[in-house]
2 protein chains.
Amino acid sequence: MAKSHKPTIYDVAKAAHVSPTTVSRFLNGQYQSMSSEARDRIATAVARLGYTPNRFARGLRSKRSGMIGLLVVNLSYPFASLLSRGLGQVAYPAGYQVITADFDGSVEKERQYLHMFSRGQVDGLVIQTEGKNRALLEKIAGELPVVLVDRNYGIPHTDSIVINDLEASEEMTRHCLQQGYQRVFYFTEPEEGIPPRALRLQGYIRAMADRQLPQDIMRVRKESPVEVKEALRSTLEVAQKQPTAIYTANGLVMLEVLRARNALKQESLDVPIGLATFDDPDYATALSPPLSAVNVPMEDIGRIAMHMLLRRFEGTQAEEQHIVLRANVVPRESTRTII
Amino acid sequence: MAKSHKPTIYDVAKAAHVSPTTVSRFLNGQYQSMSSEARDRIATAVARLGYTPNRFARGLRSKRSGMIGLLVVNLSYPFASLLSRGLGQVAYPAGYQVITADFDGSVEKERQYLHMFSRGQVDGLVIQTEGKNRALLEKIAGELPVVLVDRNYGIPHTDSIVINDLEASEEMTRHCLQQGYQRVFYFTEPEEGIPPRALRLQGYIRAMADRQLPQDIMRVRKESPVEVKEALRSTLEVAQKQPTAIYTANGLVMLEVLRARNALKQESLDVPIGLATFDDPDYATALSPPLSAVNVPMEDIGRIAMHMLLRRFEGTQAEEQHIVLRANVVPRESTRTII
DNA sequence: ATGAAAGCGCTAACAG
DNA sequence: CTGTTAGCGCTTTCAT
């Protein structure tokens, strides 16, 4: 009980009567290159000393950090936190830690974080990118495995995991129409070249065009309650004349629509209307009536992303992989059949 | 354009015609020990070569990692994601990265992560602990700065940031009573020794005792819809006879109550009732009527936690710090005056 | 104000 | 199967 400093590989080696090299091999699972006795002695020594390897020394030598970078638009959005959770579920048991950063929708911040992560900081990167740092991301993808989630910009050497935005959105629009709504208003944030936004809109457009119905596309910035409120007002005016539903491009826009509806109620403008949203936020089933939604398997995306990285690390995976998960339409009361 | 490997401190030194030592000083901001010319030459060289220090080499020598550990119960709960966001807002600009892990309410997992973080992995730790790994946490707090958030278990050498759970809860209960509800049912998860749960309950009890009103405490596990539903059923029975409100201990319990109410509506059991919740979840203002809530400054907690760590790193702060932030009652329509 | 030298703890050749 | 040796890139005495 003399030594106070943290035990090193040398302490273990001494205690087990082997060389540091053998201990190192042991730590890296190369059991075939040592006698079973040596293995046991080392195991005992490690346990007795409470030894754990120093990650910095390890990283310095081996060039591997045991860390994964996760870069998202906004950590407080359900997509990000569930993604992060799923990622961690696979990463930690595999011996990897996750460094998370949110760039708050700022292209400049995204760039900074990318730089930070690229300098040998992390072994792999999972990113929900804004798509504006294409060149940098492409360069990084040449140095380490990169998985694009949610938004696939087709950047060379990157893997990707997205959902079937277009088809699911089309299906949800169809669902609304089948329920008897003659008008379906689509509320979305401006596309700004962001694939899921464009695709979901596309899905809506397709379904409406298919039935030769008018397309009512309301582009609103969710940060602007006034914008949303005015868009809702004109929607409700229509709804007074014919059965109408509102279908929002994601759960955050739906929140704003619901808030705007509350505001309009204050002005005694209240018209029954169908509601549906992409995403299946936690509040969907708490609302009355419960909200029809497109369920996106966010945790799965995280888990799969990590599995993809692990395969890259093993070298098992050579070609780019592009996975499209299925998002499911979950019909609920908010679009119940009318007439 | 010859060298392909990442530039090291030696490359910079050579380019700036100084020794690696001076470059190191430069990198660590010790400008007073070099001529301004040397400083300029180094700055130029760093920029030109695109040099960034290797964190492993640095960590190996200096024993500091530049990383903060964040350990939470569940990363997908709003508390955690907002906390994480707040932490990052201060950490990154200060040159620290955040490693986040969620232990999913498992004491064993919490222990494992604590071990992982304690072995010189991180420079500081922010944790929402279950309080069951007291000894280990105390040991870790002896080795590095630890900030307890949300739940203060009074572990020696740890700082803490919590909110005024008791007072805020008492205030919210009072608010309900003032609005004319004769019964206020308090829905909470079993306390299990978790401070905020116990304190919020306490606040409710105080307010009720003060007015000599019956205490209706419904302990439910939010994972059990059946339990919540039955608790709600008996609550609604009372509500049929006298003006009643439900006040939930947090936003997740409220979600379950709302779901249960939907389920009971299916059974045609629907009684008007007041609603209030601790936490101010995003859906509060989306519901109709909007939900009265106790607003908890979660991002602030994260930001302050990081500031506390930074002060510890500087050595500016010696004594334990225990901060209590104020949570505010936000009255909304869901508890509008009745008679 | 500056530099030389000595490692931090580990792993990866290269021997045996 | 095992050990010796030489660094990885940086910071930190200790000189000057």
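First the proteins, then the strands, lettered A, B, ... as listed; each starts at 1. What you see is a predicted model, and the numbers here were worked out from it, not measured in a lab. Because only heavy atoms are used, hydrogens play no part in the values below, and waters and symmetry mates are left out as well, while side chains stay in.
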Give the rounded distance in Å between these two atoms: [atom1] of [X] and [atom2] of [N].
X	N	atom1	atom2	answer
A/Gln30	C/dC10	CD	P	15 Å
A/Lys14	D/dG3	NZ	P	15 Å
B/Asn54	D/dC10	CG	P	6 Å
B/Phe26	C/dT2	CZ	C1'	16 Å
B/Ile9	C/dG3	CD1	P	12 Å
A/Ile42	C/dT11	CD1	P	12 Å
A/Leu60	D/dG9	CG	C1'	6 Å
A/Leu27	C/dT11	CG	C1'	10 Å

Identify which nucleotide among [options] has an atom closest to any side-chain atom of [X], counting heavy atoms from C-beta outward.
X	options	result
A/Pro53	C/dG9, C/dC10, D/dG3	C/dC10
B/Arg25	C/dC14, D/dC10, C/dT2	C/dT2
B/Lys63	D/dC10, D/dT2, C/dG9	C/dG9

Under 4.0 Å between a side-chain N/O of [X] and OP1 or OP2 of [N], yes or no?
X	N	value
A/Thr8	C/dG9	no
B/Ser35	C/dT2	yes
B/Asn28	D/dT11	yes
A/Tyr10	C/dT11	no
A/Arg58	C/dT11	yes
A/Thr22	D/dG3	yes

Query - Residue whose nearest DNA chain C nucleotide is more 5′ - A/Ser24 or B/Pro20 - result: B/Pro20
Tell me whether the side-chain N or O atoms of [X] pair up with the base of [N] as donor and acceptor below 3.5 Å, since no angle test is needed here.
X	N	value
B/Arg55	D/dG9	no
B/Arg61	D/dG9	no
A/Tyr31	D/dC1	no
A/Thr21	D/dT4	yes
B/Ser19	C/dA4	no

Is any side-chain heavy atom of [Y] closer than 4.5 Å to one of [X]?
X	Y	answer
B/Leu83	B/Met298	no
A/Ile68	A/Val122	no
A/Met34	A/Val18	no
B/Leu137	B/Leu114	yes

Report task. Return yes when atom CD of B/Glu37 has more than 12 non-hydrogen atoms of other residues, nucleotides or ligands closer than 6.0 Å, and no otherwise. Result ->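 It does not: B/Glu37 CD has 12 such atoms or fewer within range.
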Query raised in the report: Heavy atoms under 4.0 Å, any strand shown: does A/Tyr51 hit a base, just sugar-phosphate, or nothing?
Result: sugar-phosphate
Query raised in the report: What's the shortest heavy-atom distance between A/Arg64 and A/Tyr96, and which atoms?
Result: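 Between these two residues, the closest heavy atoms are NH1-OH, 3.9 Å.
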**Report entry** Nearest-nucleotide comparison on DNA chain D, the residue closer to the 5′ end among B/Ala57 and A/Arg41
**Finding:**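 The residue mapped nearer the 5' terminus is A/Arg41.
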